[in-house]
Participant: 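Structure incoming, see below.
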Amino acid sequence: MSAAKTAITPTRHEDFPEWYQQVIKAADLAENSETRGCMVIKPWGYGIWELIQKQLDVRFKETGHQNAYFPLLIPLSYLEKEAEHAEGFATECAVVTHHRLEAVKDPETGKTKMIPTGELAEPYVIRPTSETIIGAAFARWVQSYRDLPLLINQWANVMRWEMRPRLFLRTAEFLWQEGHTAHESKAEAIKETEMIHRLYETFARDHLAIPVVPGEKTENERFPGADMTLTIEAMVQDKKAIQAGTSHYLGQNFSKAQNICFASREGGQEFAHTTSWGVSTRLIGTLIMAHSDDDGLVLPPRVATQQVIIIPVTPKEDSREAVLAACNALAERLRKKTSYHDDPIRVHVDNRDMQGGQKKWDWVKKGAPIRVEIGPRDIESRKVCVQRRDRAANEKEFMDKEEFLQTVPNILQDIHDSLLVKAREFRDANIHACTSLEDFHAHWSSENPGWLATPWAGTPEEEDELSKKHKIAIRCMPIKDAGLPEALLSAAAGACILTGKQSSPVAIWGRSY
RNA sequence: CGGGCUAUGGCGCAGUCUGGUAGCGCGCUACACUGGGGGUGUAGAGGCCGUGGGUUCGAAUCCCGCUAGCCCGACCA
């Protein structure tokens, strides 16, 4: 029996969206639930989220933020306060209108039905985001400039009634963090917005091995109610863009709508400048699409639920005990004596009673960064068989056990680095500079066109027209030091492709999720 | 929310046109052989066919409603 050519069918090349779903299934990350548009996140997937959560949380606290929790249900009237904001979310709100159920027995079938009753005087909206309800709290909490800045973060679930759900990328309910801060001055609030933006960028790079493009959204693409939206944009393997995180400067829009005001140093009353920022479980979808291959998931080591999987090879019954003991001993030493980025290495000994080959492929599909096999021969030779998920599935290296213990953190880092380099090379190879409108139009006719970098100084209306025509959008206007190749930026410099204005800023265009 | 497709044991599917109460592959369980590998054999377990109603002596199969999923569009983290 010959093994399948790839563990996942179809391949990325054959059918990318279907491949994505099959990877999630094969890696046992999540599944659709009975509730429309919602997913069940399974342990192997939820473990990733827990690690993202833990590692981001440290960084939020290092930068002075505190966690708090606000209600899931938002009074409808709160949402009406900021007009643009309300309009932006109006079409995707789940609304709670009743507070009890009444059991009614159908006289014909004899079945009991639960009928909503007890209609609420004012409906509640299940939070699609919490600006309004947190803003209301801020209004109570802030009286003096001495109460500022207010730096709050919330880990929560939110609900947006999306018309086209996709596991992790766009689900009706999703998990995220939302930071909300209030400041004395515009300059300070913008500084916060930019600081978090950089934090997201470096988190994506250093923890998820995703080379994002940090930039500013154009007016058309801004968060409803924001004065400025900063974004990190990732390119995944079908060359589409994913907005992986956003940081908004909300100006005084929300503080005026909700009366977040304070006595200033000069004695007058002033409105606070607020920000909000968030990343969600979409990060998991992004990393799946960024790194995985035709054999399944490939996890960046720092957010891998398990980093090292030890697979006992037990060909003979009489050596079985010894092999298992050796596996457990190695696992213990890894847990106690080694660490990677200040966390003990996460090790799992897979002692399930099943075929070795199946076991191996199971962990290949689940994307475990390192697989280690230990058999009777290895015990004698004091070696371990090391296999890496960033290399071919059949590639193995027999390594001295002590050497392995010494170098595990380096191997994990090397895997991280190789994923990042590969993703960056892919991204950079698929962003093309374009300085003529003719080339611009021609570019979007191909199947997977990648991104374009162009000089741009058009109006929002002009941008909208081009976007609709080619089903694209300006993903962002990259900030300084966005990490894009110098050659690309200089090739994309010049006069606006549409208006001809000289030395216009560079815009990145692409199709997106 | 518009347009198209789909819904049968854990997964993938056949059966639906030509109604007669369910079948295949994989997986699962047991045993045996095997053993750096997603192996082989034998024997088993498991579904009343998404859901509600209708037609009929009889429905997975025909008709209507609903729900969910997928793809394309508009919208969005």
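Hydrogens, waters and symmetry mates play no part in the numbers below; they use all other heavy atoms, side chains included. Throughout, protein chains are lettered first and strands after them, A, B, ... in sequence-line order, and every chain is numbered starting at 1.
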Participant: Nearest heavy-atom pair of A:T286 and A:I242: which atoms, and what distance?
Facilitator: OG1-CG2, 3.5 Å

Participant: If the threshold is 4.0 Å, N to carboxylate O, is there a salt bridge linking A:D378 and A:K401?
Facilitator: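 Answer for the salt bridge query: no.
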
Participant: side-chain hydrogen bond (donor to acceptor under 3.5 Å, both in side chains): which pairs involve residues 36-45 of chain A, sequence neighbours left out?
Facilitator: A:D28-A:K42

Participant: Sugar-phosphate atoms are those with a prime plus P, OP1 and OP2; base atoms are the rest. Using that split, label each nucleotide of nucleotides 68-77 of chain B B, S or - for protein heavy atoms under 4.0 Å, 5' to 3'.
Facilitator: SSSSBBBBBB

Participant: As a check on the pairing definition, encode RNA chain B in dot-bracket form, counting Watson-Crick and G-U wobble pairs whose two distances are under 3.5 Å, and using | for partners outside this strand.
Facilitator: ((((((((.[[[[.)....(..]]]].((((((.....)))))).....[[[[[..)....]]]]])))))))....

Participant: Expressed in whole Å, how much space separates the P atoms belonging to B:C26 and B:A43?
Facilitator: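 Rounded to whole Å, the distance is 14 Å.
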
Participant: Which letters describe nucleotides 24-35 of chain B, given B = protein heavy atom under 4.0 Å from base, S = only from sugar-phosphate, - = neither?
Facilitator: -----------B

Participant: Under 3.5 Å between N/O atoms: give me all the protein pairs with nucleotides 2-4 of chain B, atom names plus distance.
Facilitator:
none

Participant: Tell me, with the steps shown, if A:E233 and A:K240 meet salt bridge (Lys or Arg N to Asp or Glu O under 4.0 Å).
Facilitator: CA-CA 10 Å; A:E233 295 287 324; A:K240 283 193 186 176; over 6 Å; no

Participant: Against the six-membered ring of A:Y78, is A:K81 placed for a cation-pi contact (under 6.0 Å from the centre, within 45° of the normal)?
Facilitator: yes

Participant: Once you apply a heavy-atom cut-off of 4.0 Å, does A:K217 come out as touching a base, just sugar-phosphate, or nothing?
Facilitator: nothing

Participant: Hey, is A:K383 close enough to A:E402 for a salt bridge, meaning N to O under 4.0 Å?
Facilitator: no

Participant: Any N or O donor-acceptor pair linking the side chain of A:D378 to the base of B:G36 at under 3.5 Å?
Facilitator: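 Indeed there is one.
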
Participant: With sequence neighbours left out, what residues match A:A172 under side-chain contact (heavy atoms from CB on, under 4.5 Å)?
Facilitator: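 Per chain and number, A:A172 pairs via side-chain contact (heavy atoms from CB on, under 4.5 Å) with A:C38.
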
